[in-house]
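Each remark here refers to the structure printed beneath this line.
These values consider heavy atoms only, across backbone and side chains, with no hydrogens, waters or symmetry-generated copies. All residue numbers in this chain count up from 1 along the given sequence. Note that this is a predicted model, so its numbers are computed, not measured.
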Amino acid sequence: MPGVGLCAAVTALSIALQEGEERAFGHPYVEALVIAILTGMALRTLWEPSPRWRPGIAFSAKQLLEVAVMLLGASISLGAIIASGPLLLSAIIAAVFVTIGASYGISRLLGLPPRISILIACGNAICGNSAIAAVAPVIGADSDDVASSISFTAILGVVMVLGLPLLIPFLGLSATQYGVLAGLTVYAVPQVLAATVPAGLVSTQIGTLVKLVRVLMLGPVVVTLSLMAARFRDAGPAESGRRRFDLFKLVPWFILGFLGLAGLRSLGLVPDAAIWPITRTAGLLTVVSMAALGLGVDVRVIGRVGGRVTAAVTLSLVLLLLISLGLIHGLRLG
């Protein structure tokens, strides 16, 4: 309980700071989950938790995060995918998977380990911090990998919100095209709203739709990664036969829960009134988990990989912009 309570306190502070941003600027430039992990890291540099605190911190970082990922499935509906249209849907799917492959390749060429390369690729291609948080437990990434990925992704996320509208006159984009570009490149849904509101209502509506469909790609990507990760698990001769047929060894329980809730939602068995409290709970648990991850981070490790991580995230983001612009003009979207 002491460790969980500490993570909850960091979460409360982070949410309060985000609400302060919303009151001051109309929207948060830095989300609560980013504030939580940075606050946790700051505490960790000043104080190393004793064994009394560690079990609760570890529980918050792993089990609570897995529950949060599972609950996100309740907000997924196949109707949103169908309504977006085949051409736009194809563009979003292509952008996500091409970007994941290319970003992973860039990170590996820069000498980053496979796990952090996957985190950067998924965060860049899908939904930034949320994707990193969802993918981390599937591939067994540690706190240092998650913190490194989220820290630099968060910084560039703010840069995108501030800088992307400046590209409208430079690239000659229509309102629809800019909405598609923002939806394909900006990391978080609130950041998409912040980046598109200056461009008008059409850009905001299109950008939000594209972003939501892009977020829906998180489910298939996480399931694919869980299946791929299972191939590299060590198994002794006596266990290999059992693992071959054990679904829970191939796909983590929270991914099965995610898919189950998504299926129930698509069938209309999850009432609309339940969606907000479920997604709100998932969001709160994610922030608690990020606080726990920050408390487990050794900043010196981040310092050793900081330059390469910064280069990987920056180059991946530039690549995502180019891929998105290519799809917009190549498919004549908007």
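Expressed to the nearest 0.5 Å, how far CG of Leu295 lies from CD1 of Ile57 amounts to 4.5 Å. Going from atom CG of Leu112 over to atom OG of Ser117 covers 5.0 Å, rounded to the nearest 0.5 Å. Here the CG-CD1 distance, from Leu319 to Ile106, works out to 5.0 Å after rounding to the nearest 0.5 Å. Atom CG in Leu261 sits 6.5 Å away from atom CD1 in Ile278 (nearest 0.5 Å).
Applying the ring pair (Phe, Tyr, Trp, His ring centres under 6.0 Å) criterion to Phe25, with sequence neighbours excluded, gives Tyr29. Among residues two or more places apart in sequence or in another chain, the side-chain contact (heavy atoms from CB on, under 4.5 Å) test is passed with Pro114 by Tyr104, Arg108. For Ala175, the side-chain contact (heavy atoms from CB on, under 4.5 Å) test picks out Val202, Ser203, with sequence neighbours left out. Remark: Ser90 pairs with no residue by the side-chain contact (heavy atoms from CB on, under 4.5 Å) rule, at least two apart or across chains. Remark: Leu166 engages no residue in a side-chain contact (heavy atoms from CB on, under 4.5 Å) (not counting sequence neighbours).
Residue pairs meeting the salt bridge (charged side-chain N to carboxylate O under 4.0 Å, His left out) criterion with at least one member in residues 266-289, sequence neighbours excluded: Arg265-Asp272. Here ring pair (Phe, Tyr, Trp, His ring centres under 6.0 Å) pairs that include residues 35-54, with residues two or more places apart or in two chains, are Trp47-Trp53.
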Tell me which donor-acceptor pairs under 3.5 Å the side chains of residues 1-17 have, and how far apart each pair is, sequence neighbours excluded?
{"unit_1": "Thr11", "atom_1": "OG1", "unit_2": "Cys7", "atom_2": "O", "d": "2.9"}
{"unit_1": "Thr11", "atom_1": "OG1", "unit_2": "Val288", "atom_2": "N", "d": "3.4"}
{"unit_1": "Ser14", "atom_1": "OG", "unit_2": "Val10", "atom_2": "O", "d": "2.8"}
{"unit_1": "Ser14", "atom_1": "OG", "unit_2": "Ala36", "atom_2": "N", "d": "3.2"}

Could you tabulate the donor-acceptor pairs under 3.5 Å formed by side-chain atoms of residues 321-328, not counting sequence neighbours?
{"unit_1": "Ser324", "atom_1": "OG", "unit_2": "Leu320", "atom_2": "O", "d": "2.8"}

Below 3.5 Å, can you tabulate the donor-acceptor pairs from side chains in residues 213-222 to any protein atom, sequence neighbours excluded?
{"unit_1": "Arg214", "atom_1": "NE", "unit_2": "Ala125", "atom_2": "O", "d": "2.9"}
{"unit_1": "Arg214", "atom_1": "NE", "unit_2": "Ile126", "atom_2": "O", "d": "2.9"}
{"unit_1": "Arg214", "atom_1": "NE", "unit_2": "Leu184", "atom_2": "O", "d": "3.4"}
{"unit_1": "Arg214", "atom_1": "NH1", "unit_2": "Gly183", "atom_2": "O", "d": "2.9"}
{"unit_1": "Arg214", "atom_1": "NH1", "unit_2": "Leu184", "atom_2": "O", "d": "3.1"}
{"unit_1": "Arg214", "atom_1": "NH1", "unit_2": "Val186", "atom_2": "O", "d": "2.8"}
{"unit_1": "Arg214", "atom_1": "NH2", "unit_2": "Asn124", "atom_2": "O", "d": "3.2"}
{"unit_1": "Arg214", "atom_1": "NH2", "unit_2": "Ile126", "atom_2": "O", "d": "3.4"}
{"unit_1": "Arg214", "atom_1": "NH2", "unit_2": "Leu184", "atom_2": "O", "d": "3.4"}

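Proximity of Ser107 to Ile116: side-chain heavy atoms (C-beta onward) are nowhere separated by under 4.5 Å. Counting heavy atoms from C-beta on, the side chains of Ile120 and Ser316 come closer than 4.5 Å. When side chains are defined from C-beta on, Arg44 counts as touching Pro49, because their heavy atoms get closer than 4.5 Å.
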Run the numbers on Cys127 and Lys211 for side-chain contact (heavy atoms from CB on, under 4.5 Å), then give the verdict. CA-CA 8 Å; Cys127 50; Lys211 178 59 191 173; 3.4 Å; yes
